[in-house]
Amino acid sequence: MGAGREHTTRAPGPTPRRVLLVGPRVAFFARLAATLRAGGTGADVTRDAALADADEIRGYGAVVFARTTGADERAAVRAAFAAAGSRAVFLESPAPLVAVLAAQLEQALLEQARQERAGTRRLAGLSAEPGRALVEVAVACRVRVTGHGTSRLRRPRARDLFDERLPPGTHPVPLGARTTHVVARTYGEVLVTAVPAGPGR
């Protein structure tokens, strides 16, 4: 990342499909960056985001901090992005699972792009309660729902829960045991939600 700081601003353009991961180059961020790149989203890991120049900063559409990033560093990065006129989304509640966090970042980027082009949403909502997820569909489409969690040995696990065409409306999807997050996808859209803890967790 560059050390200079440019103070001029430019007219906003389309949301960049690129994510900035602020924190040390630990294994978690390395796996996250690889997952994002495999899905077509650019990703960089740095501890010097607050020192980047404005052109670099405006090249990112979303930002996520490592859990170890201190409050002062977070504030400095946010201030740098604000000074650059960036509209990047700062992910406030990052999931502790690589696949889920990648989906959260993808959702943030897609939501920004949808707002810019005022497109119609197929997936209108996703929520969860112990034992089931609720998928709200606005336009008939094929929906794939995946449950994520960890095994008793704390290894990440993903399970396909549903993959069918759905009509408009709200549809329940049963969840497996130890599911902590749910990801719903259709063409060009993704939604993520956490599952509240129930008796089985």
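Under a hydrophobic clustering in which Ile, Leu, Val, Met, Phe, Trp and Tyr are joined whenever their side-chain heavy atoms come within less than 4.5 Å, directly or via other members, Ile57 and Val89 fall into different clusters. One hydrophobic cluster holds both Val173 and Val137 under the rule that ILVMFWY side chains link at heavy-atom gaps under 4.5 Å. A chain of hydrophobic side-chain contacts below 4.5 Å, direct or via other Ile, Leu, Val, Met, Phe, Trp or Tyr residues, connects Leu126 to Phe162.
When every heavy atom of Val45 is checked against every heavy atom of Gly23, the shortest pair comes out as CG1-O, 3.6 Å. Scanning all heavy atoms of the two residues, the minimum distance from Val192 to Gln107 falls at N-OE1, 2.9 Å. Residues Ala49 and Val22 approach most closely at CB-CG2, 4.1 Å, considering heavy atoms. Closest heavy-atom contact between Pro96 and His181: CD-CE1, 4.0 Å. Heavy-atom minimum distance, Ala128 versus Pro196: O-CD, 3.4 Å. Ala88 and Ser86 get closest at one heavy-atom pair: N-OG, 3.0 Å.
Atom CG of Leu32 sits about 11.5 Å away from atom CG of Leu97, to the nearest 0.5 Å. From Leu109, atom CG reaches atom OG1 of Thr41 across 6.0 Å, with rounding to the nearest 0.5 Å. Put simply, OG1 on Thr146 and CG on Leu161 are 6.5 Å apart, with the number rounded to the nearest 0.5 Å. Annotation: the span from Thr46 atom OG1 to Leu21 atom CG amounts to 10.0 Å, rounded to 0.5 Å. Atom CG in Leu36 sits 10.5 Å away from atom CG in Asp44 (nearest 0.5 Å). Interatomic distance, OG1 of Thr186 versus CZ of Arg142, reported as 9.5 Å (0.5 Å rounding).
Formation of a donor-acceptor pair under 3.5 Å by the Glu106 side chain with backbone atoms of Gly39 is not found in this model. Side chain of Arg58 to backbone of Gly85: no donor-acceptor contact under 3.5 angstrom is found. Remark: side-chain polar atoms of Arg67 are paired, donor with acceptor, to backbone N or O of Pro94 under 3.5 angstrom. When atom types are taken as modelled, the side chain of Thr180 and the backbone of Ala194 share no donor-acceptor pair closer than 3.5 angstrom. The backbone N or O of Val139 sits nowhere less than 3.5 Å from a side-chain atom of Arg122 that would complete a donor-acceptor pair. Here the side chain of Gln104 pairs a donor or acceptor atom with the backbone of Ala95 at under 3.5 angstrom. No donor-acceptor distance shorter than 3.5 angstrom exists from the side chain of Thr35 to the backbone of Val98, with no hydrogens or angles considered.
Taking Glu92 as the reference, Arg78 meet the side chain to side chain donor-acceptor pair (under 3.5 Å) condition, with sequence neighbours excluded. The ring-ring contact (aromatic ring centres under 6.0 Å, His included) test applied to Phe81 returns Phe90, not counting sequence neighbours. Every residue two or more places apart in sequence or in another chain that forms a salt bridge (Lys or Arg N to Asp or Glu O under 4.0 Å) with Arg132 is listed here: Glu129.
Within the 4.5 Å cutoff, the side chain of Thr179 has no heavy atoms near those of the Arg159 side chain. Two residues are said to be in side-chain contact when any heavy atoms from C-beta on lie closer than 4.5 Å; Arg17 and Leu110 meet this criterion.
A salt bridge between Arg18 and Glu56 is absent, with no side-chain N of the basic residue lying under 4.0 Å from a carboxylate O of the acidic one.
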Worked check of side chain to side chain contact (heavy atoms under 4.5 Å, CB included) between Val195 and Leu175 = CA-CA 9 Å; Val195 181; Leu175 300 179; 3.8 Å; yes

